Amino acid sequence: MKATHHKTDLLSGASILAVGLAISAYCMANLERGTLVEPGPGGFPLVLGLLLVLNGAISLTLTLIGGRRRAPADDAPAQGLNLRVLGLVVVSIAAFGLALESFGLFPACFVSVLIASFVAKDMGAAKRLIAATGAGLLAVVIFSMLLSVPVDIVTWPMEAFK
Amino acid sequence: MNDMLSNILLGLSVAASPEGLMYCTLGVFVGMVVGVLPGLGALAAISILYPITFHVAPQFALIMLAGIYYGTSYGGKTTAILLNVPGTTDAAVVCLDGHPMAKQGRAGVALFMSTLAAFKGAAIGIVIVMLFSPVIASAALSFGSPEYFALMAMGLLATTAMSDSGPSKSIAMVLLGIVIGLAGTDVNSGVERFTFGLTSLQDGVSMVVIAMGLFGVAEIVFSFANTRAVVQNISMRSMLPTRDDLRRSIAPMLRGTAIGAFFGALPGTGSTVSTFISYGAERKVSKTPERFGKGAIEGVVGPEAAANSADMTAFIPTLTLGVPGSTSMALILSLLVMHGMTPGPRLITDHADLVWGLIMSFWIGNILLCVFNIPMIGVWVRLLRIPSPYLYPLILMFICIGTYSVRMHLGDVWMVIVASLFGVAARLANFPAGPLLLGYVLGPMMEEHFRRTLLLSRGDLSAFFQGPICLTIYTAVILLFGFKLFRLSPLGRRMFPKRILDESL
């Protein structure tokens, strides 16, 4: 337990340091720093980058010395991640994005809800289809009709085969 | 006094208009739904409905978002009492005594009394908002850039100091959030920053993308649990409290309200902290502390009053100074920015209809919530019986369309995936997402005040620390961090109310 804590601490300290270095380097390379009297576009971001570097360096040093006792709040175990759920959620969003412009709002919603419904393993096929259709209709009513968002409800099959 | 009356009437003309009533009802209803559903909190709800506000006039959008915000805490306690699962973080404390009451068959009484306490807390909170907002705003008119920079720094650091993660991680997230907030074309020089040549980043990273990814999707990924709840039925008759219940509840409600009103207005503390403190206080003053954790009504009504009065007073710094004290408030503040308003002390005079409309809508919203919670309790009990896998795909779909509808830009949908993966990774590594969002919202304003301070002082860095207001603010920051360090020390760990929760569980 102790060893893993040490390792995650090192990792988070190192990532803070790395992000800080990346931001600072980006500012130095691409943006004008300006002067103290008139800071340029790169002035404030550079300060932030350097603060990140400082933060990362301090926390890395403290972990390496190992003298610091871990804060109790940090002991809160990270929530377990269900990779299947994450995968389905990402695919569902991506499917929405892919389907929206070539097929329209209703098909995009239908597909995304259908995919996301596979998180529930015990749902019957009919129930999934009904849920997806209902969700698609609801989206059309709320966004196209009530909020008049200018998006095509169904473009398929015209657009898809152009 | 005349001023107050005309403000109230002005506010009512907005809040009680048909549209005002509709968006207020919608807001508190959605807040209730999300609050009842375990796992999704106010932040997720506000994020998910955020895009809709682009299609609505700002005063009504504000009324709706605020309704979601305070509605969730009413919803959260319902789940806490019935299922022993806090629907929101505020409701964690209510589980301690609320659920034991439910197990004794007194769920109805717990629900009724907690609603009463919530309303009482909120009502006094609203009165405080009405009385103090104009005073604080006019005092803040004399603030210059150094003062604002200090206030924002305090807002950011206070949230970090109160966050559960280590200070190094939350400060890192604040800094990263500011950098993300700065991405896009710089207003002063026209130079593109952190865009990496991508056209979709020229206008900056969209607020919606950040909120959806970090709070909407990330929350869903972690709370997509396939559980079916067993909930008892609640009849109206079972909600009637005994005379003893009422007698025991009056003082805790008042103490809770005072605690909540104070901590709600402070940056970084807010309603969750105030519920812990109220619970601790009730247990300390009680003659029979051993009843706590076994269904003591004082442990339900005190924290509920605290949470709801804090929810109201949290609006004071946001509306009067333009400095949000919490992540939800940052989202609400960014709504104003989005609609072209400048948050700050002038808001309450320049957009009086908006501010007073919002404040008066609090009354309407809280009354509606009482109706939702007492006669309509059966609806929520039924909602709890719907297994979450049926609901979450729908919420996910709303996230997708919502994100797209803001700028009609498919690139934003892809960005949500990136932000979600980042949000999930951050959560796994215990990096808090709240401070990042707060940094994102305050970042551009901070840079402006940073530049202006240096310009006016001709590059003299000591200008940041001049004047009594700046010094007071920085002293407060140091005290807050002192408190944080004290909390982490062995003595502080014994004294901080959080321990009470750990012991009781």
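We name chains A, B, ... by the order of the sequence lines, and we start the count at 1 in each one. This is a predicted model, so every value here is computed, not measured.
- Between A:F44 and B:I178, the closest side-chain pair of non-hydrogen atoms falls below 4.5 Å.
- The contact between B:I417 and chain A is made entirely by side chain atoms (from C-beta outward), counting heavy-atom distances below 4.5 Å.
- The candidate from A:I23, A:I115, A:V151, A:I142 with the greatest count of non-hydrogen atom pairs under 4.5 Å with chain B is A:I23.
- Taken from CZ in B:R458 to OG1 in A:T35, the straight-line distance is 11.0 Å, to the nearest 0.5 Å.
- Within the model, atoms CG of A:N55 and CE of B:M173 stand 12.0 Å from one another, a figure rounded to the nearest 0.5 Å.
- Atom CZ of B:F54 has more than 12 heavy atoms from other residues, nucleotides or ligands within 6.0 Å.
- For chain A, the nearby part of B:V217 is the side chain; its heavy atoms alone come within less than 4.5 Å.
- Looking only at side-chain heavy atoms (C-beta outward), B:Y404 and A:E101 come within less than 4.5 Å of each other.
- Heavy atoms closer than 4.5 Å to chain B are found nowhere in A:L114, neither backbone nor side chain.
- Proximity to chain B (any heavy atom under 4.5 Å) is shown, for A:A135, by both the backbone and the side chain.
- Side chains of B:W414 and A:I93 form no contact here, defined as non-hydrogen atoms less than 4.5 Å apart.
- Within the 4.5 angstrom heavy-atom criterion, no atom of B:I399 approaches chain A.
- Side-chain atoms of B:R451 come within 3.5 Å of backbone atoms of A:G40 as a donor-acceptor pair (strictly under, hydrogens ignored).
- The most heavy-atom pairs under 4.5 Å with chain A, out of B:V413, B:V56, B:V174, come from B:V413.
- Residue A:L46 does not touch chain B at all, counting heavy-atom pairs closer than 4.5 Å.
- Taking the side chain as every heavy atom from C-beta outward, A:V119 and B:P393 never approach each other to under 4.5 Å.
- Among A:P45, A:G136, A:S59, A:G49, the residue making the largest number of heavy-atom pairs under 4.5 Å with chain B is A:P45.
- Residues A:L31 and B:R193 come closest through the heavy atom pair CD2-CG, 3.6 Å.
- For chain B, the nearby parts of A:A94 are the backbone and the side chain; heavy atoms of each come within less than 4.5 Å.
- Under the 30°/60° scheme for interplanar angles, the aromatic rings of B:F194 and A:Y26 are found to lie parallel.
- When the candidates A:V19, A:V90, A:L100 are compared by the number of heavy-atom contacts under 4.5 Å with chain B, A:L100 comes out ahead.
- The most heavy-atom pairs under 4.5 Å with chain B, out of A:G56, A:A131, A:P41, A:A116, come from A:P41.
- Note that CG of A:L138 and CZ of B:F398 are 4.5 Å apart. Values are rounded to the nearest 0.5 Å.
- For A:M145, the CE atom is loosely surrounded, since the number of other residues' heavy atoms within 6.0 Å does not exceed 12.
- B:L396 touches chain A through its side chain: at least one heavy atom from C-beta onward sits under 4.5 Å away, while N, CA, C and O do not.
- Of the listed residues (A:A132, A:C109, A:S92, A:G34), the one with the most heavy-atom contacts under 4.5 Å to chain B is A:C109.
- Atoms CZ and CD1, from A:F143 and B:I52 in turn, are 5.0 Å apart once rounded to the nearest 0.5 Å.
- If you measure heavy-atom distances from B:L421 to chain A, the contacts under 4.5 Å come from the side chain alone.
- With a 4.5 angstrom heavy-atom cutoff, A:S12 touches chain B via backbone and side-chain atoms both.
- Note: A:L51 CG to B:L175 CG = 5.5 Å, rounded to the nearest 0.5 Å.
- B:S168 touches chain A through backbone and side chain together, each having a heavy atom under 4.5 Å away.
- With a 4.5 Å cut-off on non-hydrogen atoms, B:L454 touches chain A through its backbone and its side chain both.
- Considering only heavy atoms from C-beta on, A:E32 stays 4.5 Å or farther from B:V191 through its side chain.
- By the 4.5 Å heavy-atom criterion applied to side chains, B:F222 and A:L86 are not counted as neighbours.
- For A:I16, the part sitting under 4.5 Å from any heavy atom of chain B is the side chain, from C-beta outward, and nothing else.
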